[in-house]
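Working notes for the structure below.
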Amino acid sequence: HNCERNRNTINFYDKNCINQSKRTSATSIDPTDDNEQNEIDRSETDTESLLTIIAMLRTTVDQSTHEKEVLEQRLIEEQVRAQQEIRSFAASLEGVEDLRRSAEAMS
């Protein structure tokens, strides 16, 4: 609308033009602007969600890595203990075998 105003008076056309301009600016929001803004908002929300998920996954990986290291250390300790027990058991068996031989020799 091309509104021409008289400096001293506002005629009917001017009032209609002003009212039309107000209605137009209030109601004629470009849908592409809304769509673009909605898309930007969605993108920002998606980005924030993905960053949160990534942080959670990093935490999970860190915790899993720590747990793996603890379990590996426990495994090594268990293997060492098992080897010591086997050696101790083998020494006991040798002692039992020596006793058996001695008993056979006496009979």
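S88 places no side-chain N or O within donor-acceptor distance of the main-chain N or O of Q84, the cut-off being under 3.5 Å.
E94 meets the side-chain contact (heavy atoms from CB on, under 4.5 Å) test with no other residue; sequence neighbours excluded. Residues satisfying the salt bridge (charged side-chain N to carboxylate O under 4.0 Å, His left out) criterion with E69, sequence neighbours excluded, are absent altogether. For D62, there are no salt bridge (charged side-chain N to carboxylate O under 4.0 Å, His left out) partners, not counting sequence neighbours. Judged as a side-chain contact (heavy atoms from CB on, under 4.5 Å), and not counting sequence neighbours, the contacts of E44 are I40, D41. A search for salt bridge (charged side-chain N to carboxylate O under 4.0 Å, His left out) contacts involving R42 returns E39, not counting sequence neighbours. E104 is linked by a side-chain hydrogen bond (donor to acceptor under 3.5 Å, both in side chains) to R100, counting only residues two or more places apart in sequence or in another chain.
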Side-chain donor-acceptor pairs under 3.5 Å in residues 46-58, sequence neighbours left out?
unit_1: T47; atom_1: OG1; unit_2: S43; atom_2: O; d: 2.7
unit_1: S49; atom_1: OG; unit_2: T45; atom_2: O; d: 3.0
unit_1: T52; atom_1: OG1; unit_2: E48; atom_2: O; d: 2.9

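No option in Q79, E72, Q73 other than Q79 meets the side chain to side chain contact (heavy atoms under 4.5 Å, CB included) test with L75.
Within the structure, the salt bridge (charged side-chain N to carboxylate O under 4.0 Å, His left out) test picks out the following pairs touching residues 73-85 (sequence neighbours left out): E78-R81, R81-E85.
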